[in-house]
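A short write-up of the structure that comes next.
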Amino acid sequence: MAKFLVTGAFGQIGTELTQALRARHGTAAVVASGRRLSGHESNPACTDPVAVLDVTDPAAVRNVLATHDVDVVYHLAARLSAVGEQDPALTWRVNMEGLRNVLEAARARPGTRVFWPSSIAAFGPETPRDAVPQDTVMRPTTMYGVTKVAGELLADYYQRRYGVDVRGVRFPGVISSQSLPGGGTTDYAVEIFYAALTSGRYTAFVRADTVLPMIYMPDCIRAARMLMDAEPARLRHRNGFNIAAMSFSAGELADAIRERLPGFRCEFVPDERQAIADSWPRSIDDRAAREEWDWAPEYDLTRMTDDMLTQLGPRLQQGSRP
Ligand code: VAH
């Protein structure tokens with residue numbers, strides 16, 4: 001039985017990825033790890049087998065892989081774009097030292113495979129705004145983005161120099177119904193659903209005309225699984241595959257919700273996160289992912305909005321949040 005380790009398992013993607021991996025491989029096969037367990041007691045991913053893991057501690061990373069005899073690491077622990085700007089040095093340490101420690105630990109255990117996500121945050125103002133090519137100018141303006149560009153290069157180095165089987169995609173903004181986002185610039189695209197179903201009003205922190213690439217969590221998890229299941233011989237790229245699912249403006253998202261909840265009102269009051277959003281592209285060319293491992297999204301704005309309201313509605317009416 002293959003053993004899996006998810007770092008950042010109690011975060012937005014980690015929570016749902018851990019559950020998806022456990023559904024596919026069995027609970028005992030998937031170790032959920034986080035910097036601490038306290039505060040995550042209600043998180044469905046925070047159930048045995050769990051591990052407390054600070055990814056900036058190389059010995060701790062090596063020990064967890066050895067103790068649980070890990071074959072595959074989904075390395076999600078990271079500080080995101082907005083929160084990352086509050087302490088750039090810590091963001092560098094967590095995002096870069098954490099990744100290097102995981103790659104080093106995988107190198108020391110031949111055959112250990114790694115999934116590590118990059119992000120559209122790896123792009124910057126000089127990147128083409130529309131249909132961003134797989135290989136393009138990458139000069140991000142956030143420390144998070146810097147760590148994603150550097151991380152892609154580091155992961156490619158470990159694959160080329162040491163043969164570590166590490167793979168990754170550039171996730172767009174992720175929208176999820178089972179877990180809250182963790183301090184990113186795209187958090188508005190999740191918060192808006194909770195506000196629409198509770199108070200009926202939301203103040204978005206970006207302009208209405210802000211268009212960003214987004215992906216719904218079921219597609220996010222399927223992309224990770226498809227890439228890790230892909231035949232290595234087909235992969236001409238390795239880390240940082242562009243993937244696209246949908247692009248829409250904050251105003252279009254509010255309109256889609258209002259079509260289903262007529263009383264919903266949304267205002268747009270940009271804050272410091274607007275500058276980050278403005279540095280990212282509007283849409284992505286994901287032909288490489290489609291050609292090399294058959295990527296294809298299953299959720300667009302309409303289907304995602306319907307499912308988010310269907311999933312969240314009953315839960316919020318019962319007064320429960322993730
Ligand atoms: C963030 N949700 O906002 C993340 C993501 C593309 C955005 O990387 O930082």
Side-chain angles (χ1 to χ4, degrees), residues 8 10-17 74-88 90-92 94-96 98-99 115-125 127 129 132 136 138-152 168-194 204-207 210-217 219-221 223-224 239-250 253 270-284 286 289 297 304 308 322:
F10 314 131
Q12 181 188 15
I13 299 175
T15 296
E16 297 205 37
L17 180 66
Y74 282 82
H75 179 45
L76 304 177
R79 288 170 55 83
L80 299 182
S81 59
V83 70
E85 288 304 290
Q86 294 166 10
D87 187 339
L90 179 60
T91 301
W92 174 270
V94 170
N95 294 7
M96 288 313 298
L99 174 59
F115 173 83
W116 168 78
S118 181
S119 161
I120 63 164
F123 302 126
T127 305
R129 311 293 294 145
V132 171
T136 186
M138 300 170 77
R139 299 184 64 80
T141 57
T142 62
M143 179 57 85
Y144 172 70
V146 167
T147 68
K148 287 307 181 183
V149 176
E152 288 185 24
V169 299
R170 291 170 187 151
F171 279 138
V174 178
I175 297 173
S176 55
S177 67
Q178 308 300 316
S179 54
L180 289 171
T185 301
T186 58
D187 291 7
Y188 66 87
V190 178
E191 294 169 356
I192 191 170
F193 284 97
Y194 287 84
F205 52 74
V206 293
R207 289 189 317 268
T210 303
V211 175
L212 286 174
M214 298 280 181
I215 189 169
Y216 194 34
M217 185 65 81
D219 273 341
C220 168
I221 290 169
N239 294 283
F241 274 98
N242 280 0
I243 59 169
M246 47 190 154
S247 288
F248 50 78
S249 70
L253 177 58
D271 68 11
E272 70 284 355
R273 289 167 284 191
Q274 183 68 56
I276 298 175
D278 288 343
S279 72
W280 293 346
R282 289 187 288 259
S283 64
I284 304 290
D286 61 359
M304 177 274 292
M308 278 289 283

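Here the structure is a predicted model, which means the values were calculated and not measured. Numbers here are sequence positions counted from 1. As the structure lists them, so they are numbered: ligands from 1, and atoms in each ligand from 1.
In terms of protein heavy-atom proximity, atom 3 (O) of ligand 1 is closest to Thr185 N, 2.6 Å.
Contact atoms of ligand 1 toward Trp280: 3 (O), 6 (C), 7 (C) (distance under 4.0 Å to a heavy atom of the residue). Taking a cut-off of under 4.0 Å to the non-hydrogen atoms of Ser81, the atoms of ligand 1 that pass are 1 (C), 3 (O), 9 (O). Every atom of ligand 1 with a heavy atom of Leu80 under 4.0 Å away is listed here by number and element: 9 (O). Contact atoms of ligand 1 toward Tyr144: 5 (C), 8 (O), 9 (O) (distance under 4.0 Å to a heavy atom of the residue). Listed by atom number, the atoms of ligand 1 under 4.0 Å from Gly173 heavy atoms are 6 (C).
The nearest non-hydrogen atom to atom 2 (N) of ligand 1, considering only Ile120, Thr142, Thr186, comes from Thr186.
In summary, of the residues considered (Thr91, Thr142, Asn95), a side-chain hydrogen bond (donor to acceptor under 3.5 Å, both in side chains) with Thr147 occurs for Asn95 alone. For the side chain to side chain contact (heavy atoms under 4.5 Å, CB included) with Val174, the qualifying choice from Asp187, Ile13, Val190 is Ile13, the only one to do so.
Judged by distance alone, the side chain of Ser179 and the main-chain N or O of Gln12 form a donor-acceptor pair under 3.5 Å. In terms of modelled atom types and a separation under 3.5 Å, the side chain of Asn242 and the main chain of Val132 share a donor-acceptor contact.
Heavy atoms of other residues, nucleotides or ligands lying less than 6.0 angstrom from CZ of Arg139 number 12 at most.
Proximity of Glu16 to Ser176: side-chain heavy atoms (C-beta onward) are separated by under 4.5 Å at one or more points.
Within the 4.0 Å heavy-atom criterion, the part of Ser119 lying near ligand 1 is the side chain and not the backbone.
Here's the thing with Gln12: none of its N/O atoms is less than 3.5 angstrom from an N/O atom of ligand 1.
The distance from the CZ atom of Phe205 to the OG1 atom of Thr186 is 7.5 Å, given to the nearest 0.5 Å.
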